[in-house]
Amino acid sequence: QVQLVESGGGLVQAGGSLRLSCAASGSIFSINDMGWYRQAPGKQRELVATISRGGRTNYADSVKGRFTISRDNAKNTVYLQMSSAKPEDTAVYYCNADIIARYSGRITGWGQGTQVTVSS
């Protein structure tokens, strides 16, 4: 059994900062790419950022220069540092991981989601 648990969401004023965390736990052998997605009301889920095990990053154009993704491989944890937040960043943020589980092979894990609200 593998779980992804997010934390750090909440309310932030426009221009402010927020840090999201997501820890993977369970019968994990290794984790390849990890990432963050978001879904605003009435919209499809979209990619925010991804990071490879080696630290290669990829960002959506809408967050480049404002958000930073990082990870701690020893802790199986991925972070999203949000800066210069905008009201359009308001969404439920989900973490995602490409996991090699010890007993069930390769799986795609999703967190339960954490709400981020940016007030203007």
Side-chain angles (χ1 to χ4, degrees):
Q1 193 102 12
V2 174
Q3 279 189 317
L4 295 176
V5 178
E6 297 133 344
S7 60
L11 176 65
V12 62
Q13 288 188 332
S17 298
L18 204 62
R19 191 193 197 205
L20 307 182
S21 300
C22 174
S25 62
S27 300
I28 297 171
F29 178 73
S30 66
I31 303 178
N32 297 321
D33 287 2
M34 302 184 82
W36 290 94
Y37 291 72
R38 67 186 182 187
Q39 187 167 18
K43 295 188 177 181
Q44 289 189 331
R45 190 173 297 188
E46 63 177 4
L47 172 72
V48 176
T50 62
I51 184 168
S52 71
R53 183 170 183 82
R56 184 183 306 169
T57 59
N58 177 55
Y59 294 94
D61 288 343
S62 58
V63 306
K64 279 181 182 176
R66 301 189 298 118
F67 291 8
T68 301
I69 189 171
S70 61
R71 64 189 284 175
D72 184 332
N73 291 331
K75 295 182 179 179
N76 288 336
T77 299
V78 62
Y79 306 96
L80 185 69
Q81 178 67 48
M82 304 170 59
S83 302
S84 302
K86 301 177 180 180
E88 50 264 42
D89 294 323
T90 295
V92 177
Y93 284 70
Y94 298 90
C95 71
N96 166 275
D98 179 13
I99 297 169
I100 309 298
R102 289 191 184 278
Y103 306 112
S104 51
R106 188 174 184 178
I107 60 174
T108 298
W110 288 93
Q112 80 283 1
T114 186
Q115 177 70 46
V116 172
T117 302
V118 183
S119 63
S120 57

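Just so we're clear, the structure is a prediction, and the values are computed from it rather than from any experiment.
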*Between Lys64 and Asp61, does at least one N-O distance fall below 4.0 Å, as a salt bridge requires?*
yes
*Give a yes or no on whether a salt bridge exists between Asp89 and Arg38, defined as a side-chain N under 4.0 angstrom from a carboxylate O.*
yes
_Using a 6.0 Å distance limit plus a 45 degree cone around the ring axis, check whether Arg45 lies over the aromatic ring of Tyr94._
yes
[X] side chain vs [Y] backbone, donor-acceptor pair below 3.5 Å:
X      : Y      : answer
Tyr93  : Gln39  : no
Arg19  : Leu80  : no
Thr90  : Val118 : yes
Arg71  : Ser52  : yes
Ser62  : Ala60  : no
Ser104 : Ala101 : no
Arg53  : Ile31  : yes
Gln3   : Gly26  : no

*Applying side chain to side chain contact (heavy atoms under 4.5 Å, CB included), run through Thr50 and Thr57 and close with a yes or a no.*
CA-CA 6 Å; Thr50 62; Thr57 59; over 6 Å; no
Separation of [Y] [atom2] from [X] [atom1] (nearest 0.5 Å):
X      : Y     : atom1 : atom2 : value
Thr77  : Asp72 : OG1   : CG    : 6.0 Å
Gln81  : Leu18 : CD    : CG    : 8.0 Å
Thr68  : Ile51 : OG1   : CD1   : 10.0 Å
Cys95  : Glu6  : SG    : CD    : 4.0 Å
Ile100 : Ile28 : CD1   : CD1   : 11.0 Å
Asn96  : Leu4  : CG    : CG    : 8.0 Å

*Would Trp36 and Phe67 count as a close aromatic pair, with their ring centres under 6.0 Å?*
no
*asked:* The test is side chain to side chain contact (heavy atoms under 4.5 Å, CB included); show your working for Asp98 and Arg106 and say whether it passes.
replied: CA-CA 7 Å; Asp98 179 13; Arg106 188 174 184 178; 2.6 Å; yes
*More than 12 heavy atoms of other residues, nucleotides or ligands under 6.0 Å from CD of Gln13: is that the case?*
no
*If you draw a 6.0 Å radius around CD in Gln112, do more than 12 non-hydrogen atoms from other residues or ligands fall strictly inside?*
yes
_Please tell me whether Val78 and Ile107 are part of a single hydrophobic cluster in this structure, the criterion being side-chain heavy atoms less than 4.5 Å apart._
yes
*Are Ile99 and Ile69 connected in a single hydrophobic cluster, I mean Ile/Leu/Val/Met/Phe/Trp/Tyr linked by side-chain heavy atoms less than 4.5 Å apart?*
yes
*Go through Thr114 and Val92 one step at a time and tell me if the side chain to side chain contact (heavy atoms under 4.5 Å, CB included) criterion holds.*
CA-CA 5 Å; Thr114 186; Val92 177; 6.0 Å; no
_Contact summary for Ser120 and Ala14, nearest pair of heavy atoms_ = CA-CB, 4.3 Å
*Looking at side-chain heavy atoms only, is the closest gap between Val2 and Ser25 below 4.5 Å?*
no
*asked:* Working note: Thr117 + Val12, criterion side chain to side chain contact (heavy atoms under 4.5 Å, CB included); need CA distance, chi angles, decisive distance, verdict.
replied: CA-CA 6 Å; Thr117 302; Val12 62; over 6 Å; no
